[in-house]
Amino acid sequence: MKALQEKIVTEGKVLSDTVLKVDSFLNHQIDPHLMKQIGEEFAARYQEAGVTKIITIESSGIAPATMAGLIMNVPVVFARKRKSLTLSENLYTAKVHSFTKKETNEISISGDFIQQDDVVLIIDDFLANGQAVLGLLDMIEQAGARLAGVGIVIEKGFQSGGQLIRGRGIRVDSLAIVASLQNGKVEFMEETSTL
Ligand code: 5GP
């Protein structure tokens, strides 16, 4: 996605050889126009997939997931990272180790919001080592729902997540794939096939 690549180049900050900061449009301040384009792109790619629900993880997956849900006319569920007082029974849970925060969270989704007959599209902001996506996949499996694929805004192609998830035969659509962050510079990979 050209507009996304341009935004990453003009506003992204390379914090190290492995971490890209995109706080001005995705992870803190949100650019609604870009999010709308991202939602449209996911919706176009998955229009034939029979998606009934989008699942993401709080907090930075919520904006792109909601835009896609609006355009695809399906509900959006976000996995919670913190225990909620009102969310205590009938839960699916999974453990997720965060690459950026170096901590493990137990994430959860209420059983009320994923059904066995759902066809799920996972959407998240970043794909690094794939732990967040694996946690979401685990809960979708627990629910017995079907997976349409995984939509990622920014994949770091030099980390292992893409290979890990695609290696399971899962469709992954990344709208920008970063090949390298070395020497403070963002290099992109050409968009590849989704599997
Ligand atoms: P994974 O589970 O694939 O290792 O990491 C995915 C999560 O870590 C994303 O949801 C995102 O919140 C965070 N993350 C991983 N790498 C980066 C990065 O380079 N920049 C930012 N802003 N977040 C990242």
- Task: Tell me, with the steps shown, if Leu164 and Asn129 meet side chain to side chain contact (heavy atoms under 4.5 Å, CB included).
- Result: CA-CA 8 Å; Leu164 185 72; Asn129 293 313; over 6 Å; no
- Task: Kindly indicate, with the supporting measurements, whether the criterion side chain to side chain contact (heavy atoms under 4.5 Å, CB included) is fulfilled by Leu147 and Val119.
- Result: CA-CA 6 Å; Leu147 182 76; Val119 179; over 6 Å; no
- Item | Candidate pair Tyr92 and Ile140, rule side chain to side chain contact (heavy atoms under 4.5 Å, CB included), full reasoning | CA-CA 9 Å; Tyr92 298 116; Ile140 292 163; over 6 Å; no
- side chain to side chain contact (heavy atoms under 4.5 Å, CB included) assessment of Leu136 paired with Ile107: CA-CA 8 Å; Leu136 294 174; Ile107 61 168; 4.1 Å; yes
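When hydrophobic clusters are built by joining Ile, Leu, Val, Met, Phe, Trp and Tyr residues whose side-chain heavy atoms come closer than 4.5 Å, directly or via intermediates, Ile123 is not grouped with Ile71. By the criterion of side-chain heavy atoms lying less than 4.5 angstrom apart, applied directly or through intervening Ile, Leu, Val, Met, Phe, Trp or Tyr residues, Phe188 is grouped together with Phe25 in one hydrophobic cluster. The hydrophobic cluster containing Phe113 does not contain Leu70, counting ILVMFWY residues as joined when their side-chain heavy atoms lie under 4.5 angstrom apart, directly or transitively. At a threshold of 4.5 Å between side-chain heavy atoms, the hydrophobic network of Ile, Leu, Val, Met, Phe, Trp and Tyr places Phe42 and Val74 in one connected group.
The one candidate from Val77, Asp118, Leu121, Val76 that meets the side-chain contact (heavy atoms from CB on, under 4.5 Å) condition with Ile55 is Val77. Between Leu175 and the options Leu4, Ile154, Ile152, a side-chain contact (heavy atoms from CB on, under 4.5 Å) holds for only Leu4.
Atom CG of Asn90 has more than 12 neighbouring heavy atoms from other residues, nucleotides or ligands inside a 6.0 Å radius. The environment of NZ in Lys102 is crowded: more than 12 heavy-atom neighbours from other residues, nucleotides or ligands sit within 6.0 Å. Within 6.0 Å of atom NE2 in His28, 12 or fewer heavy atoms from other residues, nucleotides or ligands are found, so the atom counts as exposed in its surroundings. The local environment of CD in Glu103 is crowded, with over 12 non-hydrogen atoms from other residues, nucleotides or ligands closer than 6.0 Å. In Gln163, the CD atom is not crowded: 12 or fewer heavy atoms of neighbouring residues, nucleotides or ligands sit closer than 6.0 Å.
Residues Arg80 and Ile109 fail the side-chain proximity criterion, which asks for heavy atoms closer than 4.5 Å. Between Val172 and Val133, the closest side-chain pair of non-hydrogen atoms is not below 4.5 Å. Taking the side chain as every heavy atom from C-beta outward, Glu187 and Val178 never approach each other to under 4.5 Å. The shortest side-chain heavy-atom distance between Val153 and Leu26 falls under the 4.5 Å cut-off. Residues Asn27 and Asp125 have side chains in contact (heavy-atom distance under 4.5 Å, counting atoms from C-beta outward). The shortest distance between side-chain heavy atoms of Asp17 and Phe158 does not fall below 4.5 Å. A 4.5 Å side-chain heavy-atom check between Arg168 and Leu134 finds at least one atom pair inside the cut-off.
By the 4.0 Å N-to-carboxylate-O rule, Lys21 lies too far from Glu11 to be salt-bridged with it. By the 4.0 Å N-to-carboxylate-O rule, Glu106 lies too far from Lys81 to be salt-bridged with it.
Judged by distance alone, the side chain of Lys36 and the main-chain N or O of Ala68 form no donor-acceptor pair under 3.5 Å. Judged by distance alone, the side chain of Gln115 and the main-chain N or O of Asp112 form a donor-acceptor pair under 3.5 Å. Side chain of Asp31 to backbone of His33: a donor-acceptor contact under 3.5 angstrom is found.
Here the straight-line distance linking atom CZ of Arg166 with atom CZ of Arg171 works out to 11.0 Å at 0.5 Å rounding. One distance of note links CD of Gln5 with CD1 of Ile177; it measures 9.5 Å at 0.5 Å rounding. Asp117 contributes atom CG, which lies 7.0 Å from atom OG1 of Thr52 (distance to the nearest 0.5 angstrom). A distance of 9.5 Å separates CD in Gln37 from NZ in Lys7, rounded to the nearest 0.5 Å. Taken from CE in Met139 to OG1 in Thr93, the straight-line distance is 7.5 Å, to the nearest 0.5 Å.
With sequence neighbours left out, Gln159 forms a side-chain hydrogen bond (donor to acceptor under 3.5 Å, both in side chains) with Lys156.
Closest heavy-atom contact between Gly184 and Val14: O-CG2, 3.6 Å. Of all non-hydrogen atoms in Asp124 and Ala132, the two that sit nearest each other are OD2-CB, 3.8 Å. The two residues His97 and Gln131 have their closest heavy-atom pair at O-CB, 3.5 Å. The minimum heavy-atom distance linking Ser180 with Gln182 is given by the pair OG-N, 3.0 Å. Shortest non-hydrogen contact noted between Ala145 and Val120 is CB-CG2, 4.2 Å. Taking all atoms of both residues into account, the shortest heavy-atom contact from Val51 to Ala148 is CG2-CB, 3.8 Å.
Of the N and O atoms on the side chains of Ser174 and Glu155, at least one donor lies less than 3.5 Å from an acceptor on the other residue.
In the hydrophobic clustering, where aliphatic and aromatic side chains (Ile, Leu, Val, Met, Phe, Trp, Tyr) are joined below 4.5 Å either directly or transitively, Phe78 groups with Ile62.
Applying the side-chain hydrogen bond (donor to acceptor under 3.5 Å, both in side chains) test to residues at least two apart or on different chains, the pairs with a partner in residues 141-152 are Asp138-Gln142.
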